[in-house]
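Notes follow once the structure below has been shown.
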Protein chains: 2
Amino acid sequence: MEPIDFQTLLEFFKVMANESRLKMVGILAQRQCSVEELAALLSLKEPTISHHLAKLKELNLVQMQPEGNQHLYRLDSEALQALNKAVLTANPAASMAQGVTDDAWETKVLKSYFEEGRLTQIPASHRKRWVILKWLARQFEIGTLYPEKQVNEILQRYHFDSATLRREFISYQMMQRENGVYWREPEERWKAV
Amino acid sequence: MEPIDFQTLLEFFKVMANESRLKMVGILAQRQCSVEELAALLSLKEPTISHHLAKLKELNLVQMQPEGNQHLYRLDSEALQALNKAVLTANPAASMAQGVTDDAWETKVLKSYFEEGRLTQIPASHRKRWVILKWLARQFEIGTLYPEKQVNEILQRYHFDSATLRREFISYQMMQRENGVYWREPEERWKAV
DNA sequence: ATTCTACTTCGATATTCATCTAATTAGAAT
DNA sequence: ATTCTAATTAGATGAATATCGAAGTAGAAT
């Protein structure tokens with residue numbers, strides 16, 4: 001299956017998202033038609049039909065064959081099926097690959113809670129607290145053992161209430177503790193509550 | 001597979017045919033998000049996001065779950081997949097079942113070539129000639145044997161050049177001939193040339 | 001009780017796009 | 001050659017809708 005890119009996907013939906021064009025696709029799926037014929041069937045003028053056919057053609061959804069004076073259009077069902085299938089699989093993935101990847105929101109949250117390098121307060125909302133704690137936890141190295149005193153020192157660079165933050169680290173499983181010694185867990189073990 | 005009706009199909013395409021909404025679907029396919037979050041990710045204002053979410057909700061493509069102050073939205077992937085599959089199969093059929101069934105064009109052709117019950121001329125274009133001949137052939141009964149003389153008589157009610165029309169009947173296989181006697185073939189044997 | 005926060009609803013604006021008429025092109029018939 | 005027919009292109013108009021700011025609502029924090 002060909003990976004379908006975001007723009008193509010969007011164009012496909014745009015082309016299909018029109019009553020007249022959708023009907024045309026339905027008609028052409030059954031038999032080929034001239035422009036005049038489609039105009040009669042849909043009660044539209046020829047230029048309008050031409051306009052729609054042009055859009056269908058851009059995605060190779062229809063093929064044209066001249067016959068005498070007229071242009072006979074038929075649906076390329078394979079193209080349609082291919083697109084549909086691609087949509088089915090690619091939909092969630094492709095649209096993301098598109099560049100909305102970086103988490104603008106987390107950045108925004110961080111900015112809004114830090115001032116001159118210090119945490120102004122601990123967010124009340126779960127999800128925001130999670131963002132802040134992730135950032136804080138990353139200030140600790142993996143593989144290092146930190147005595148509680150040192151954990152407090154580091155945390156107090158950012159906020160006076162190191163005790164609360166320490167407790168949160170434990171409950172989110174960002175850190176483990178044993179005999180008053182702490183160490184950071186790898187991120188895949190962190191648990192958003 | 002549930003047969004999908006034309007209007008639903010159209011609505012589905014309309015909902016997906018928007019850059020912001022398509023991106024939202026992509027994002028929500030991966031994780032649930034608050035409105036604020038989506039706004040940050042897409043660089044849009046909250047009201048705009050709400051607006052789009054409402055449209056997605058109409059098709060049951062997203063589900064909402066309140067968490068504290070915020071509304072967490074997630075994609076209903078099953079609904080999306082179901083719709084997509086329905087599209088795949090129903091597309092050609094459903095859109096036709098929709099009422100564009102009767103062939104307005106053929107009617108138009110007939111009207112334009114008949115005047116006071118008589119054929120003004122035999123169309124030059126293949127496709128139009130085909131329409132006219134179909135109509136003429138239906139003036140003959142199936143199962144009846146017509147001597148050539150009678151075929152001519154009947155045809156001349158509509159046009160002076162019965163000879164040409166007779167020949168066309170044969171070449172389109174609308175009628176068969178043997179020993180100067182003609183009979184009409186059932187329509188499924190007619191051959192548009 | 002009051003304030004804050006996140007979301008929604010409302011009303012206004014601007015853009016996109018479907019459709020039409022008129023003009024143009026290309027091919028067929030006379 | 002000229003006329004006719006079918007299709008396309010161009011330009012104009014109107015309808016649909018994406019987006020925003022402002023106002024309203026409901027829940028959470030203080």
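A, B, ... follow the sequence lines: proteins, then strands. Residue 1 opens every chain.
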### Summary
What residues 46-59 of chain A contributes to the DNA chain C interface at heavy-atom separation below 4.0 Å is P47(A), T48(A), H51(A), H52(A), K55(A)
### Query
Could you give the CH2-to-C1' distance, from W105(B) to dA6(D), as a whole number of Å?
12 Å
### Message
Enumerate the ring pair (Phe, Tyr, Trp, His ring centres under 6.0 Å) contacts for residues 149-170 of chain A, please, sequence neighbours excluded, ordered by first and then second residue.
### Response
W135(A)-Y158(A), F140(A)-F169(A)
#### Entry: Pairing residues for N18(A) by the side chain to side chain contact (heavy atoms under 4.5 Å, CB included) criterion, not counting sequence neighbours
S20(A), R21(A), H52(A)
### Message
Restricting to salt bridge (charged side-chain N to carboxylate O under 4.0 Å, His left out), what partner residues turn up for K14(A), sequence neighbours left out?
### Response
none
### Query
If we only count heavy atoms from C-beta on, is the E11(B) to M16(B) side-chain gap below 4.5 Å?
no
## Note on the structure
From CD of Q70(A) across to P of dT8(D) the rounded distance in Å is 11 Å
#### Entry: Intermediate values then yes/no, side-chain contact (heavy atoms from CB on, under 4.5 Å), F13(A) and L22(B)
CA-CA 9 Å; F13(A) 280 125; L22(B) 193 54; 4.1 Å; yes
### Query
What residues form a salt bridge (charged side-chain N to carboxylate O under 4.0 Å, His left out) with R138(B), not counting sequence neighbours?
E187(B)
### Task
Return the set of residues passing salt bridge (charged side-chain N to carboxylate O under 4.0 Å, His left out) with R74(A) (not counting sequence neighbours), or none when no residue passes.
none
### Summary
Atom CG of N18(A) and atom P of dT17(D) are separated, to the nearest Å, by 11 Å
### Message
Using whole Å, what does the distance between atom P of nucleotide dT9(D) and atom NZ of K45(A) come to?
### Response
20 Å
### Summary
From CE of M64(B) across to C1' of dC7(C) the rounded distance in Å is 9 Å
### Task
Would you work out how much the helix from dA1(C)-dT30(D) to dT30(C)-dA1(D) bends between its ends, with each end axis defined by five base pairs, to 10 degrees?
20°
### Task
Return the value, rounded to whole Å, for the distance between atom CD of E19(A) and atom P of dA15(D).
16 Å
### Query
CZ of R127(B) versus C1' of dG27(C): gap in Å, rounded?
17 Å
### Query
To the nearest angstrom, how far is L44(B) atom CG from dT19(D) atom P?
5 Å
#### Entry: Phosphate contact (dA18(C) OP1 or OP2) by S20(A) side-chain N/O below 4.0 Å
no
### Task
Write out all pairs satisfying salt bridge (Lys or Arg N to Asp or Glu O under 4.0 Å) with one or both partners inside residues 159-171 of chain A, taking only residues at least two apart or from two chains.
R129(A)-E168(A), E148(A)-R166(A)
### Message
Once side-chain hydrogen bond (donor to acceptor under 3.5 Å, both in side chains) is applied, do any residues pair with N60(A), and if so which ones, sequence neighbours excluded?
### Response
none
### Message
Would you say Y73(A) places a side-chain N or O within less than 4.0 Å of OP1 or OP2 belonging to dA6(D)?
### Response
no
### Task
Return each pair, listed once, that meets salt bridge (Lys or Arg N to Asp or Glu O under 4.0 Å) where at least one residue sits in residues 43-60 of chain A; pairs must be two or more places apart or across chains.
none
### Query
Can you name the residues that form a side-chain hydrogen bond (donor to acceptor under 3.5 Å, both in side chains) with R157(A), not counting sequence neighbours?
none
### Query
At under 4.0 Å, does any side-chain N or O of R21(B) touch on OP1 or OP2 of dA18(D)?
yes
### Query
Which letters describe nucleotides 24-30 of chain D, given B = protein heavy atom under 4.0 Å from base, S = only from sugar-phosphate, - = neither?
---BSS-
